[in-house]
Amino acid sequence: MIIETLVTTINIDRSANLSPMGAVFGERLDIFELRPYAGSRTLENLRQRREGVMHVVDDALLLVRALLDQWPERPPLNLATVVAATMLKEYLRAYEFRAKYIDETSHRASITCEIVEQHIGKPPRGICRGLNAVVEASILISRSQFLPAEEINRHLPELEQIVAKTGNASDREAMALLLAHYHSTSARRTIGQP
Ligand SMILES: Cc1cc2nc3c(=O)[nH]c(=O)nc-3n(C[C@H](O)[C@H](O)[C@H](O)COP(=O)(O)O)c2cc1C
């Protein structure tokens, strides 16, 4: 099972890094796997300091802002209680973890993480198709460097419609940000700019 989460780690300059990452769970609930691509800051940070915090959230706008690194205001952070890292102030669940093993033999590293502390935050909003549709769209757009544009363009209109029909205002804002980012970067790609 993969839960789409937000992971905080500490950058080399000691600032906080916040990234959407899938957390893969097997039978055990105290261990999960992160699978960052080579070159990601989360991988580099966990190589340097093997600690971070994984957050379960249901805030699509926060997830999209973290993906695009676009903030009117950065989200408030607290110090974690067991590991040397920072954590979001608002979450559903937050799991402080230590990276036990890092396997980089494939293009996607496999990091086995052990949960050392957990925090219970806000109650979840419940199953919402609008939220799920923003998550799907954000994954598609985060892969736009290597997925064919036709595939992304095929799925986006339906996801957009689901968000419009079933999401809340923050889901709709998240979807609008994602689409604006996607259209501006795909226009740049078409005319060959970096
Ligand atoms: C819902 C969601 C899940 C993601 N899961 C992963 C993942 O498991 N591994 C990964 O390398 N990137 C994943 N990404 C893409 C990263 O968030 C994105 O590449 C980000 O820029 C990496 O940030 P970093 O360089 O600060 O680690 C995901 C994106 C989204 C929206």
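In each ligand, atom 1 is the first atom listed, and ligand 1 is the first ligand listed.
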Arg65: which residues meet the salt bridge (charged side-chain N to carboxylate O under 4.0 Å, His left out) condition with it, sequence neighbours left out? Glu173
Quick one: salt bridge (charged side-chain N to carboxylate O under 4.0 Å, His left out) partners of Glu114, sequence neighbours excluded? Lys100
More than 12 foreign heavy atoms under 6.0 Å from CD of Glu151: is that the case here? yes
Going by the rule salt bridge (charged side-chain N to carboxylate O under 4.0 Å, His left out), which residues pair with Glu104 if we only count those two or more places apart in sequence or in a different chain? Arg47
Do NZ/NE/NH1/NH2 and the carboxylate oxygens of Arg125 and Asp171 come within less than 4.0 Å? yes
Taking the ring centre of each residue, are Tyr95 and Phe32 less than 6.0 Å apart? no
Using heavy atoms and a cut-off under 4.0 Å, could you grab the residues that are in contact with ligand 1, chain by chain, numbers ascending? Glu4, Asn17, Ser19, Pro20, Met21, Gly22, Arg35, Pro36, Tyr37, Ser40, Arg41, Thr42, Leu67, Arg108, Ser138, Ile139, Ser142
